[in-house]
Each structure stands twice: as C-alpha cells, then as structure tokens.
Amino acid sequence: MVRLRRLAFAAVFSSPLANALATATSGISKLADRLFHGQGSAFDFVLTTHHDDWSRWNPPVNDNYTVKCADGKIRVEGTTLNALARGLRHYANEVLQMDEFWFVDTYKTAPEDLPVPKKPLTGASIVPWRYNLNTVTFSYTFTWYQWEDWEKLLDWAALRGINLQLAWVGYEKIFLDSFRDLGLSDEDVLPFFSGPAFQAWNRFGNIQRSWGGKGDLPLEFIEQQFRLQKKIVARMVELGITPVLPAFPGFVPESIKKVRPDVNLTVSPNWFAPAPDKYTRDLFLDPLDDTYAELQKLFITKQIDAFGNITNIYTLDQFNELAPASGDANYLSGISRNTYAGLTAANPAAVWLLQGWLFYSSRNFWTQPRIDAYLGGVEDSQGMLILDLYSEVNPQWQRTNSYSGKRWIWCELHDFGGNMALEGRVQTLTSAPLDALAESKSLVGFGLTPEAYEGNEIVYDILLDQAWSATPLDTQSYFTSWVDRRYAGNSSIPSELYQAWEILRTEVYSNSRTDIPQVAVATYQLRPALSGIVNRTGHFPHPTAVHYDPAVLHHAWKLMVEAVVRQASLWKIPAFQLDFIDVSRQLLSNQFDFLYVDLINAYRGSTSKPSERELRSSGSGSGSGEVEAAGQKLLSLLSTLDDTLLTNAHFTLQSWVDAARSWGSATGSEQLFTFNARSQVTVWKVGATNLNDYAAKAWGGLVGSYYKGRWTIFVDALVAASKTGSLDQGALTQRLKTFEADWQASDGDVAQTKPEDFMTVLSWLHGTCPDWFLKVQ
C-alpha cells in the first residue's frame with residue numbers, strides 16, 4: 001500500500017520539479033495564507049532532503065531550515081514540511097515581530113507587502129522529535145472542540161516545530177466497527193463507552209459506562225467525531241506533523257463473551273473508589289489470547305483504510321494507574337512481546353508509543369527487573385518510544401536506565417486537570433533537557449504532555465524553542481522578546497509591562513520547590529472545610545500553596561495597571577486583556593487565602609471559652625457578628641472574582657457549556673453533554689471523593705454559582721455554629737453534597753460574558769480588596 005508521507009516527499013524529486021514541489025508544500029503555503037491573511041504566494045517553500053516514513057527501520061533525524069531573499073521572494077528551505085513551518089514562524093517573529101498564540105487571536109496585521117529578511121535566518125533542531133499532547137488532554141481540553149478550534153491548534157503546533165502529536169479523536173468509531181466485525185451489536189458495545197467528557201479514561205481502561213442517568217454515548221456523535229478526525233489527521237500530514245494513532249489497548253466490554261465465550265480476561269482494579277464497581281473495573285483482554293491479535297489487526301487496518309498509511313507510530317497504554325495481574329518477569333515480557341507482535345502483524349513498520357506515567361504512578365511495583373522485562377519484550381530497540389511524562393519534576397529516565405535503552409522523549413507535564421494558577425519552571429526547562437540529552441544516548445525528543453492547556457502559554461513556548469537551541473536559552477531575553485510579540489500592534493510597549501513580566505519570570509515562572517510540583521488549585525475551589533485546604537503542598541491531592549510571596553504578584557499587577565493607565569491602547573490588544581484578567585484572577589485567588597484564615601480564626605474565637613477569647617485579641621469583637629463579617633468579605637471577593645472573569649470569554653463557564661450544548665443539540669443528547677461538562681470540572685460522581693475538584697477551573701459563572709454557592713453554605717453554617725457553640729459537620733457535609741449534585745444536574749442558563757472597560761474592572765478590584773493590597777500609587 002502506498003504511504004502518503006513517502007509519496008509527498010518523493011514528489012519533490014520527480015518531474016516536473018516545480019509542480020511536484022507545489023504539491024508537496026501546498027499545506028505550508030496555506031499555513032502562510034492563514035498566518036499572513038492570504039499572502040502565502042510571497043513565499044517559496046523548498047524541501048531540501050528526502051525523507052521516507054518514520055519507522056523503526058528509518059529513525060528520524062534533526063531538522064534544519066533557512067529563510068532568505070531569493071529573486072525578490074521570501075524563500076524558505078527546510079529538510080521537512082515541519083522545518084518549513086518552523087522557518088515560517090522564525091520569519092514572522094524576527095522580521096515582523098508577530099506570533100500566533102493559542103488562546104487569543106493575533107492583533108497585529110502583516111503589511112500588504114511582506115518584507116524580505118535582511119539576512120538569512122537559520123535554525124536547526126537538536127532533537128528529531130518535538131512531541132505534543134497527553135491522552136487525557138483530549139478530555140480536559142479538547143472534548144468540545146470543533147474544526148475551527150483544531151485548525152488553530154494545529155497551526156500553533158506546526159509553527160512551533162511540533163512534528164509528532166497524538167490523534168485520538170474519533171477512536172470510538174474504530175472500536176465500535178472492530179467489535180461489530182467480531183459479531184457484537186451496537187447495543188452490546190455502546191453502553192461500554194463513557195460520556196464525552198470522560199472518554200480518555202475509558203480509553204485507558206480506568207472507567208466504563210456513562211453516569212448521571214442521561215443515556216449512553218450517541219452513535220451520531222461517534223460518527224461526527226470520526227469525520228472530524230479525518231480532517232484533523234489530513235491537516236497534520238499537510239503540516240508535517242506525524243499523527244500518533246491509537247492502537248487497541250486491550251480493554252473490552254463484558255459482552256465480548258457472547259462471541260468469544262472462552263476469551264482470557266482479567267478484571268482491572270477499581271480505579272476511583274469509592275465509586276461503584278460498575279463504573280470501573282474494566283476487563284483486560286490478555287494479549288496472549290488469539291482474539292487480541294485479531295482485534296489489533298482490525299484497529300490498525302481500519303485506520304489505514306480510513307486515513308491512508310500516514311504513520312507508523314501508535315499509542316498504546318495497558319497499565320495506566322492499573323497494576324498488572326502479575327509481577328512475574330515472564331508474564332510482563334510475554335504481555336509486551338505479544339502486544340508488539342499484534343501491532344507489527346498489522347503494520348510491519350509499527351513503533352509502539354508508551355506514556356511512561358505508569359513507572360512513576362506505580363513506582364513501587366515497577367522495579368528495574370520488571371521494567372526490563374516489560375520493555376524488553378519488544379526486542380527491537382527502535383520498536384518503542386517512551387514518553388518520560390513528568391520530566392521537569394519527577395523524571396524517571398535516570399532510575400529506569402533510560403527506559404532500558406529504548407528511545408524516549410523528555411516531557412513537560414506541568415498542569416494536572418486543567419488547573420489555572422500561574423506557575424512554571426523556566427530555569428529547569430532550559431537546562432534539564434540539555435543535561436539529559438548529553439547523558440542519555442536514547443533521548444530523541446522534547447515534548448509537551450500537560451493534562452490540559454488552560455494558560456501559562458509561555459512555559460510551553462520556551463521548551464519547544466529550546467528544542468532548536470544547543471545552549472540554554474537566556475530566559476530574560478526570551479521573556480522580553482515574547483512580550484514584544486505578545487503585545488505586537490501597540491505603538492510602543494510601556495516599560496512597566498516589561499518590568500511586570502520580569503517579576504513573573506524571576507518569581508512566578510521560576511518555581512523551584514519540590515513540595516509544590518505543579519500548577520496549583522485555589523483554596524476557594526475546594527469543598528469548604530475548617531482545616532486541611534489552605535497552603536496545602538504535595539502532588540495529590542493538588543497543592544493550594546503558592547511558591548512565591550504574594551506581594552511580588554501584587555507588584556507585577558500594579559505595573560500592568562500603570563502601563564495601561566499610561567497607554568490606554570493596550571486594553572484593545574486581546575492578549576493584554578487576557579493576561580491582565582489572568583494576573584488579576586491570581587491576585588484575588590491569593591487574597592482569598594488570607595480572608596479564609598480570618599474567617600476560621602473568627603469562628604474558632606467565637607467558640608472558644610471566654611478566657612481564651614480574651615487572650616486571642618482584646619477588643620476584636622469575637623462572636624457570631626465577627627464570623628458573619630469575615631464571611632461576607634470572603635463571599636464578596638468571590639463575587640468580584642466572578643465579575644472580573646466574566647469580562648473575557650476565555651475565562652467563562654459559558655464557553656465550555658455552550659460548546660457542549662452545541663455538540664449535544666446536534667445529536668439529541670443535550671442533557672448528557674451539559675451534565676458531562678458540569679460534572680468534569682466539579683465532582684465527577686458524588687462519592688468519588690478522590691476526584692472532587694480535580695479539574696477545578698477559574699471561570700466566571702462557575703465561581704459565582706458553584707464555588708460561591710458552596711462557601712455560602714459553609715459561612716452560614718459557621719455563623720449558626722458560632723451562636724450554638726458547635727458545628728454539625730455531618731449535616732454540613734450532606735448539604736454540600738446535595739448542592740453539588742443539584743448543580744451538576746442543572747440544565748439552566750449560565751452567567752453570560754459581559755465585556756467591560758479597564759476602569760470598570762479596576763473599580764471592582766478596588767471595591768473588594770483592602771487598600772493596602774490593591775492600591776495603585
């Protein structure tokens with residue numbers, strides 16, 4: 001069967017050359033059209049080398065490009081399509097001070113006549129692979145994406161040099177068709193699928209079925225997603241991004257016994273106890289069973305038939321936060337050997353991509369002998385590609401002997417569940433990957449593996465750009481250049497704005513604390529409690545502590561205010577609006593912690609013995625009045641936060657729910673989809689306490705209706721308890737659970753976006769927070 005990637009590159013060297021070149025690079029020309037508003041014809045794109053399909057027989061090599069003036073046009077030469085895309089961004093950055101950002105539209109427009117570069121611009125990657133995405137990103141961020149969202153994401157990725165990316169959309173269609181071929185009906189398979197916002201964990205074998213009483217995943221949605229996947233992978237190939245397609249991981253519905261009564265199955269552990277077993281404990285089909293190989297071949301060949309033979313790399317994770325049935329070395333090597341045999345039977349050039357998260361999350365189980373056995377089952381050293389998923393904080397490559405010599409990629413995880421605090425480790429991102437590259441011969445790439453993309457865009461940019469520099473990037477000059485492009489379109493950028501970002505660089509984006517290893521959740525996003533939620537450290541449950549002095553963020557915020565007061569045109573730039581709201585959001589989140597402590601102290605003072613109360617603070621007015629006053633300050637702050645977030649659509653629950661409703665309306669499943677949208681960002685299932693608020697978001701409408709609703713119940717309970725002298729914790733917990741369940745099931749309207757001018761937002765902030773904290777000099 002003809003391989004499309006090979007055909008695209010081979011065409012460059014056939015006759016006539018000009019027509020072949022135009023065909024091969026047409027996707028990059030279209031990218032230039034989108035970036036420069038129809039001016040793609042100003043560029044000549046030339047491929048300088050010939051690449052066959054990536055496979056274990058043909059490992060990738062480093063890319064390079066040159067951008068220069070040739071015959072009055074802008075000539076971009078590169079070793080691959082992806083190198084051409086990266087060269088195109090270099091031109092935009094260097095010559096036009098422009099960039100394409102993810103969460104906002106580019107404000108600056110390119111001139112009608114694009115200038116040629118004054119001198120050649122060159123770049124060379126230091127690793128063959130630049131990887132993107134985590135399996136769960138497809139639920140936390142991409143669940144409701146339409147084609148327009150994917151088009152923007154793929155352009156962003158290609159321009160940054162990403163050439164390897166997961167492509168999970170539409171997987172359920174391949175799954176369903178494969179089991180149909182085994183003889184199962186749709187009614188046998190559809191109940192196995194989870195709701196649309198939870199598909200990632202169904203694919204991992206962690207959960208099964210849909211909950212909430214809203215019905216099964218609709219067949220029409222499965223078909224729609226598959227049609228979307230066809231567009232996604234076609235565009236990826238145009239842009240030189242190798243799609244990583246899903247293989248069959250081995251998890252099956254119980255109905256398989258109807259057509260394979262003797263199939264060898266293992267019951268997985270309950271993944272999110274105390275949830276009922278019926279929603280988890282998926283069945284794992286033993287790769288030693290003949291049916292496994294049959295299904296694997298169906299999965300691979302159906303995707304080749306649908307998309308063309310566009311890739312040799314397949315994602316396959318069998319033990320994501322699930323322990324294997326046995327730790328015996330022969331068992332583990334047998335599992336991987338037969339898994340890989342099934343892959344290569346369908347595609348002889350197949351490479352198995354594995355998320356290395358299991359070696360961290362279950363590190364007590366995965367000893368070196370067991371790792372050697374499991375990875376060694378794939379005897380070809382080029383046959384696997386491992387993602388060291390959490391390299392910036394908890395790298396596993398050192399303790400695993402560079403994954404037993406298999407090829408691996410250094411990855412930045414950074415964000416769990418789509419939490420939105422400001423956080424990053426730029427000093428690590430510009431040094432640790434280079435150190436690993438010098439120490440490990442099997443390191444072949446750098447990559448991004450956040451569970452969700454919700455902000456902090458600069459920490460993703462800097463790692464991707466480090467993949468094109470053999471020496472550590474100078475973070476100070478990098479931030480300065482990033483600010484130039486970020487706010488391009490303003491006549492000049494006030495010095496205060498550079499100063500603000502310098503503070504963010506040195507304090508907020510230079511986290512070095514090991515006890516705060518990731519983006520934090522906010523205290524107000526957790527279920528209210530008397531203790532254990534403020535200043536929390538550790539990985540799971542998520543930390544709530546901040547890794548910097550909150551006063552430094554206040555200083556950066558003041559500088560941003562001074563910048564826009566001095567130059568009002570900044571407020572017209574979408575990126576500045578988004579960044580200002582983001583920093584203001586974090587400022588209010590930090591302030592909440594102080595108000596929470598005041599509330600708890602007031603309550604404890606009100607319930608202490610009179611002598612203890614007097615010792616606490618003379619004249620402080622302890623009692624229910626003090627508790628009520630402290631509680632009202634806390635609730636008022638949440639109202640201000642909600643109002644502030646509602647000024648920008650990026651920070652709204654409305655955008656998330658409306659996107660879910662759009663998909664649901666098209667399939668007649670609006671209640672299922674909106675329930676899924678509300679459930680994922682709050683409490684997955686009432687009772688599944690280990691996932692409560694895991695994917696907490698700072699969104700307008702969510703803060704005002706959900707988080708403030710819970711804290712209102714809590715404040716009322718403390719005020720009442722301050723009068724009676726005791727708090728009925730059981731009754732309070734039940735009221736909170738009832739509120740959470742009712743909110744999830746609600747299908748009412750959510751608060752709407754209400755754009756405001758800068759001074760209105762500023763007045764809200766001044767009206768809520770103490771003068772000493774927010775006063776602008």
Side-chain angles (χ1 to χ4, degrees), residues 419-427 455-456 458-459 475-476 479-480 483 494-526 533-537 542-566 570 576 578-602 617 630 633-634 636-638 640-641 644-645 651 698 703 758 761-777:
N419 305 145
M420 296 171 63
L422 302 179
E423 194 273 342
R425 296 172 180 265
V426 296
Q427 77 286 2
N456 295 304
I458 194 167
V459 303
T475 61
Q476 184 174 17
F479 268 61
T480 298
V483 169
S495 60
E496 291 88 349
L497 203 47
Y498 291 108
Q499 294 171 38
W501 275 95
E502 177 63 7
I503 292 172
L504 293 176
R505 179 187 74 88
T506 58
E507 301 288 344
V508 177
Y509 287 120
S510 292
N511 181 13
S512 61
R513 290 182 57 172
T514 57
D515 61 337
I516 307 176
Q518 66 212 48
V519 175
V521 296
T523 302
Y524 73 80
Q525 293 171 325
L526 301 183
I533 61 173
V534 71
N535 203 32
R536 190 170 72 188
T537 57
H542 291 323
T544 56
V546 295
H547 58 276
Y548 53 86
D549 182 350
V552 303
L553 186 68
H554 173 220
H555 187 197
W557 179 86
K558 286 175 60 178
L559 288 166
M560 295 180 80
V561 171
E562 291 167 6
V564 72
V565 167
R566 187 151 70 86
L570 270 175
F576 179 82
L578 184 143
D579 293 342
F580 182 77
I581 297 302
D582 203 16
V583 173
S584 299
R585 171 204 57 74
Q586 187 65 56
L587 196 70
L588 292 168
S589 177
N590 294 348
Q591 177 66 7
F592 180 91
D593 288 1
F594 294 110
L595 299 183
Y596 167 80
V597 171
D598 289 345
L599 172 63
I600 298 304
N601 285 340
S617 60
K633 287 183 180 179
L634 181 147
S636 178
L637 182 142
L638 292 178
T640 299
L641 175 58
T644 301
L645 292 168
F651 296 106
V703 172
F758 169 72
V761 175
L762 195 62
S763 68
W764 289 337
L765 298 170
H766 271 296
T768 297
C769 297
D771 287 345
W772 66 266
F773 193 75
L774 290 180
K775 185 176 181 181
V776 179
Q777 300 300 328

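We use all heavy atoms of the structure for the numbers below, so side chains are in, but hydrogens, waters and symmetry mates are not.
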Donor-acceptor contact present, side-chain [X] to main-chain [Y], <3.5 Å:
| X | Y | value |
| --- | --- | --- |
| Ser589 | Arg585 | no |
| Arg425 | Arg513 | yes |
| Asn511 | Ile516 | yes |
| Thr544 | Arg536 | yes |

(message) The criterion is side-chain contact (heavy atoms from CB on, under 4.5 Å); which residues satisfy it with Val552, sequence neighbours excluded?
(response) Ile503, Glu507, Tyr548, Asp549

(message) Test of understanding: with side-chain contact (heavy atoms from CB on, under 4.5 Å), list the residues that count as partners of Ala563, not counting sequence neighbours.
(response) Pro494, Glu496, Leu497, Leu570

Nearest atoms (heavy-atom pairs only) where [X] meets [Y]:
| X | Y | answer |
| --- | --- | --- |
| Ala602 | Ala630 | CB-CB, 4.4 Å |
| Ala698 | Gln525 | N-NE2, 3.3 Å |
| Ser495 | Arg566 | N-NH2, 3.6 Å |
| Leu553 | Leu587 | CD2-N, 3.8 Å |
| Thr523 | Ile533 | OG1-O, 3.7 Å |
| Gly424 | Val459 | CA-CG1, 3.8 Å |

Is there a side-chain contact between [X] and [Y] in this structure, where contact means two heavy atoms from C-beta onward sitting under 4.5 Å apart?
| X | Y | result |
| --- | --- | --- |
| Phe576 | Met560 | yes |
| Val519 | Met420 | no |
| Pro543 | Val521 | no |
| Phe580 | Val761 | yes |
| Val565 | Phe758 | yes |
| Leu641 | Phe592 | no |

Euclidean distance, [Y] [atom2] relative to [X] [atom1], rounded to 0.5 Å:
| X | Y | atom1 | atom2 | value |
| --- | --- | --- | --- | --- |
| Ile600 | Leu634 | CD1 | CG | 9.0 Å |
| Asn535 | Thr537 | CG | OG1 | 7.5 Å |
| Leu765 | Gln591 | CG | CD | 11.0 Å |
| Leu422 | Tyr509 | CG | OH | 4.5 Å |
| Lys558 | His554 | NZ | NE2 | 5.0 Å |
| Leu599 | Phe594 | CG | CZ | 15.5 Å |

(message) If only side-chain N and O atoms count, and only distance matters, is there a donor-acceptor pair under 3.5 Å linking Asp582 with Gln586?
(response) no

(request) Please check if any side-chain donor atom of His547 sits under 3.5 Å from a side-chain acceptor atom of Glu423, or the reverse. (result) no

(request) Could you list the residues that satisfy salt bridge (charged side-chain N to carboxylate O under 4.0 Å, His left out) with Arg505, not counting sequence neighbours? (result) Glu502

(request) Establish, yes or no, whether a centroid distance under 6.0 Å links the rings of Tyr596 and Tyr524. (result) no

(request) Test ring-ring contact (aromatic ring centres under 6.0 Å, His included) on Tyr498 and Phe479 and set out the steps. (result) CA-CA 8 Å; Tyr498 291 108; Phe479 268 61; over 10 Å; no

